[in-house]
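One structure below.
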Amino acid sequence: MNRPQVPPALLSAIERDLRPVRPLASPAHRALGMLPVGLLLLIGMPAFWIGLGRAKLAPSAGWAFSALESGLSLIVLAGAFREAVPGRELSSTRLWALAGLACIAFLLANATIQSPGPVPLQTWLHWFRGCIYMVISFSIPALLAPAWLVSRALPNRPALTGALCGAGVGLMADAGLRLTCWDGGFVHALLAHGAAIALLTVLGAASATAVERLKSSDR
Amino acid sequence: MTSELRCYYACVLAVDASRCELRKMNSSEPPGESDELRLMTLMVAYQNGDLSAFEQLYASLAQPLRRYFRNAERNAATADDLLQETFLELHRSRRTYAPPLPVRPWAFGVARNVLLRRRRASAMSGQTRELDDESDLQPVAQIGGVPLLNDVIDMEQALAELPATTREPWMLHHLFGFSFDFIATRLGITVMAAKLRSSRATKALRCALSGKLEEAR
């Protein structure tokens, strides 16, 4: 049987554009590249409130848990970067493991959180909205970095890839937010911070899908 | 030997022969390690800007990819278009291949991306996928000058009648030789679901082909 020959048009198109390329770094290396963003989110929010003179910082144990949460969020991002590469999609077992890890990271970090006392409902709702705004306003610029890294690959499941990116960045933002959260109650953390992470997950999924559509329409 | 019995043996032999040809055409043997190593070396050379490496990669990957598209789209012209698009996409995305990982899963991953994109574009433009007539299926049985066998066409038709959800796992396993673990990852389903769908496809194919055999008798 004859070996298939490259059609001349395809060959000339490839020849015109052929130049050496450097393979993408491994997902773990690319996730480590997100470390500065994680540090920025971890320190950025306390610094913001200190700058406004309204900081109520968490005890040192809280910082350790936040650092742990940031570290675990890098694993979620590494999963997203792996998912973005064709042929390296995550199996359902690994996806469940990642989702479990994200939940454990969030619950573990917030399990030690302590409320200063009962908070009136009106204030509780105000702080609920405030926390969501804080996470979103700090995370959306941060979400651009993994979105850019994902767009360089070719995800077969862009929504899932984006959702993992959103969850990773959301966890990073929560790690910083919980250090200066005024409420500090577990229920508040679970509902407000959890809702913010869920919102970022949805935003990540939507943005990655939109990026893929844009890339498709360019081709 | 009665004519009925002779006909039965002829059918059995023809089915065996067609299976044999299908196996040859689709290289059902899972790709060996040395072949993967060769592809990996070619891919690295291609990433370094070697055009002859691309030509050799094309020679190795074009047929399995074309078969994948033919069976997914059941249209020879569309399959050829998709093949061209896939090699262009492989070129654009060549940096996403990370040596020393196997090349085939990556190439099929890109092919799947191209196929999904095409289907999405078709769905958005309101086009419906046309089920081809027999003339589109015949050339598959004639690849490489293999004589046209009715059973090969029967097999193609039986495959074409399967729903895509069961056909794809069956083909990836039985024709391309991929493991169920790989297929599950590729299609985003569980290993058990991949096995179940493949088993359903086998059952349906057996029914369809035994029906033809009965007709032949």
Side-chain angles (χ1 to χ4, degrees), chain A residues 1-30 81-96 149-161 209-219, chain B residues 24-25 43-44 46-51 54-56 58-63 66 80 83-85 87-99 101-114 116-117 120-121 143-146 181-182 184-191 193:
Chain A
M1 195 182 288
N2 290 333
R3 285 161 73 85
Q5 296 289 315
V6 188
L10 175 66
L11 191 64
S12 66
I14 300 289
E15 199 171 6
R16 271 200 305 275
D17 187 49
L18 192 61
R19 60 182 189 284
V21 290
R22 201 176 58 176
L24 281 184
S26 70
H29 275 99
R30 282 188 291 152
F81 295 146
R82 185 185 159 138
E83 174 68 33
V85 176
R88 297 208 69 198
E89 289 88 353
L90 298 166
S91 65
S92 46
T93 316
R94 284 191 174 155
L95 277 173
W96 280 113
L149 287 171
V150 165
S151 72
R152 294 170 76 206
L154 194 70
N156 275 331
R157 297 183 286 188
L160 179 62
T161 311
T209 309
V211 166
E212 266 306 294
R213 292 272 157 90
L214 275 177
K215 274 170 71 184
S216 301
S217 60
D218 283 349
R219 284 165 186 166
Chain B
K24 267 190 225 162
M25 283 191 291
M43 195 61 216
V44 171
Y46 177 38
Q47 284 180 325
N48 288 326
D50 183 353
L51 187 66
F54 171 76
E55 289 176 281
Q56 290 177 63
Y58 186 92
S60 304
L61 296 173
Q63 279 193 346
R66 185 181 282 121
D80 286 343
L83 185 70
Q84 303 291 310
E85 270 181 53
F87 274 97
L88 278 174
E89 192 56 68
L90 283 174
H91 176 71
R92 285 191 208 109
S93 312
R94 62 195 186 280
R95 59 167 32 232
T96 62
Y97 168 72
L101 292 168
V103 175
R104 276 173 205 273
W106 172 76
F108 274 91
V110 174
R112 187 168 161 75
N113 192 291
V114 170
L116 292 175
R117 205 187 303 149
R120 215 163 34 225
I143 289 173
V146 175
D181 280 340
F182 171 81
T185 309
R186 165 100 281 109
L187 302 178
I189 54 177
T190 63
V191 177

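Below, chains carry the letters A, B, ... as their sequence lines are ordered, and counting in each starts from 1.
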Just jot down the side-chain hydrogen bond (donor to acceptor under 3.5 Å, both in side chains) partners of Arg112(B), sequence neighbours excluded, or say none. Glu168(B)

Looking only at Leu18(A), Leu95(A), Leu24(A), the option with the highest number of non-hydrogen pairs under 4.5 Å against chain B is Leu18(A)

Qualifying residues under salt bridge (Lys or Arg N to Asp or Glu O under 4.0 Å), relative to Arg157(A), sequence neighbours excluded: Glu83(A)

Between Glu89(B) and Arg117(B), does at least one N-O distance fall below 4.0 Å, as a salt bridge requires? yes

Looking at Phe54(B), Phe108(B), Tyr46(B), Tyr97(B), which has the largest count of heavy-atom pairs under 4.5 Å with chain A? Phe54(B)

Has Arg88(A) got a side-chain atom pairing as donor or acceptor with Val85(A)'s backbone, closer than 3.5 angstrom? no

Asn156(A) side chain to Glu89(A) side chain, donor-acceptor N/O pair below 3.5 angstrom: yes

Per-residue contact mode, Pro158(A) against chain B (heavy atom under 4.5 angstrom): neither

Let's test your reading of the structure: which of Leu10(A), Ile14(A), Thr93(A) forms the most heavy-atom pairs below 4.5 Å with chain B? Ile14(A)

Contact class of Leu51(B) relative to chain A, heavy atoms under 4.5 angstrom: both

Residue part contacting chain A, namely of Pro99(B), when any heavy atom lies under 4.5 Å: side chain

Heavy-atom cut-off 4.5 Å, strictly under: side chain, backbone, both or neither for Arg22(A) against chain B? backbone

Counting only heavy atoms not in Arg94(A), do more than 12 sit closer than 6.0 Å to its CZ atom? no

Which atoms of Phe87(B) approach chain A - backbone, side chain, both or neither, heavy atom under 4.5 Å: both

